[in-house]
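Note: hydrogens, waters and symmetry copies are ignored here, and every other heavy atom, side chains too, is used. Whatever order the structure lists them in is the order used to number ligands and atoms, beginning at 1.
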Amino acid sequence: MTRDAVTSARHQHRRRWMLAIPLVCFAFWSGGIGAAAQAAELPRILVLATGGTIAGQADPRATGAYKSGQITGEQLMQSVPGLDKLAKINAEQISSIGSQDMNDKVWFALARRIQDAFDKNEADGVIVTHGTDTLEETAFFLDNVVRGDKPVVIVGSMRPATAVSADGPGNLYEAVQVAADPRSRGRGVMAVLNDKIQGARSVTKTNTTSIETFSSANDGPVGYVDTAGGIRFMAQAPGFRRTTYQLPAGEQLPRVEIVYSHANMDAVPIEDAISHGAKGIVLAGVGDGNTSKSALDALEAAAKKGIVVVRSTRVRSGFVTRNVEVDDDKNGFVVSEDLNPQKARVLTQLLIAGGVTASAELQKAFTATW
Ligand code: DGL
């Protein structure tokens, strides 16, 4: 090839490169813009971590043993691949406790942070990571105090992050799917674990160790979710109406005790509750919210002293009905309807804190929210 031919081939080659570079840059730039634009459209999810097994770490010295609340919310979310395709996530640590230690201080901090994030439009949805032992109580408390229709999802796990086939990562992924989905709006607080989406009023823990532990005995899940198939919400029963109560001033809810009924029941646990200043007593009754005559007499005396008495049941499903074997009208008692004792306690605390103590008004509150 002559020298001229070589020179012009070199020029052509350089010209092609000169052309290609801006094209390549444009491709990166537009791709980057595309990715940035896509990211900008993703829903903003605020994750509030409280501890629990989902943040637990196994004790290397003993098989099976673990400690709750060891991993931060930030670390949890970073440990789950693919979340960045679902939402823009911001994680904050509210507490690092096993949920058997859940308390009013954490409840109030959660409620205030969620309300603030919604009122300032900082988030399109909130996820609370939580231990499973009292998950249902926190879910119900938040469901009764957080205003607005943006999704609040509460999630936990039955096995620590370090366990063989840990259930936390899958639950977290599904929680983000639900919190990020516009169809989740207006449904109140929902618990997402093990492919199920369950309402705060009904969901309850039913097994000490199984990952299939949360269920809603009276009305079933509000929907299902899986990492591959997405979300399916069941048709919502008409007449579903949520009431929200003012978060009481201070950091403490009124003392309301749960008294568990059993064979050979006497009045001692009720008298103890009264002597420790209980403003309300929830009976975890046998059957349809029943208990022994001596216990009933003590509850009647408590009601006469202005202590709120709510008949709930230790039975897992069904509704507690007024005036069947107990004369609620005469005694001024309230029935919890479908609320189990631990949730009846939360609603009783909020009602007393809000100055509602007349049994007719209390009964309306227990019945109006389902
Ligand atoms: N320590 C219990 C709790 O934090 C463990 C149960 C769990 O989170 O699965 O509720």
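Screening residues 148-157 for side-chain hydrogen bond (donor to acceptor under 3.5 Å, both in side chains), with sequence neighbours left out, gives Asn121-Lys150, Asp149-Arg185. Applying the ring pair (Phe, Tyr, Trp, His ring centres under 6.0 Å) definition to pairs two or more places apart or across chains, those involving residues 75-110 are Trp107-Phe141.
Contact atoms of ligand 1 toward Gly98: 4 (O) (distance under 4.0 Å to a heavy atom of the residue). Each of the atoms 3 (C), 6 (C), 7 (C), 8 (O), 9 (O), 10 (O) of ligand 1 lies under 4.0 Å from some heavy atom of Thr132. If you number the atoms of ligand 1 from 1 as listed, the ones under 4.0 Å from a heavy atom of Gly131 come out as 3 (C), 4 (O), 8 (O), 10 (O).
Using a 4.0 Å cut-off between a side-chain N of Lys or Arg and a carboxylate O of Asp or Glu, Glu300 and Lys293 do not qualify as a salt bridge. Salt bridge status for Asp181 with Arg187: absent, with no side-chain N to carboxylate O gap under 4.0 Å. In summary, Arg113 and Glu122 engage in a salt bridge, as defined by a charged side-chain N under 4.0 Å from a carboxylate O.
Remark: distances from the non-hydrogen atoms of Ser157 to ligand 1 include one below 4.0 Å.
Residue Gln100 has at least one N or O atom closer than 3.5 Å to an N or O atom of ligand 1.
Annotation: atom 4 (O) of ligand 1 to nearest protein heavy atom, Ser99 N, 2.7 Å. Summary of contacts: the protein heavy atom closest to atom 7 (C) of ligand 1 is Thr53 OG1, 2.7 Å.
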Please lay out, stage by stage, how Glu337 and Arg201 fare under the test side chain to side chain contact (heavy atoms under 4.5 Å, CB included). CA-CA 11 Å; Glu337 294 283 341; Arg201 186 180 174 99; 4.1 Å; yes
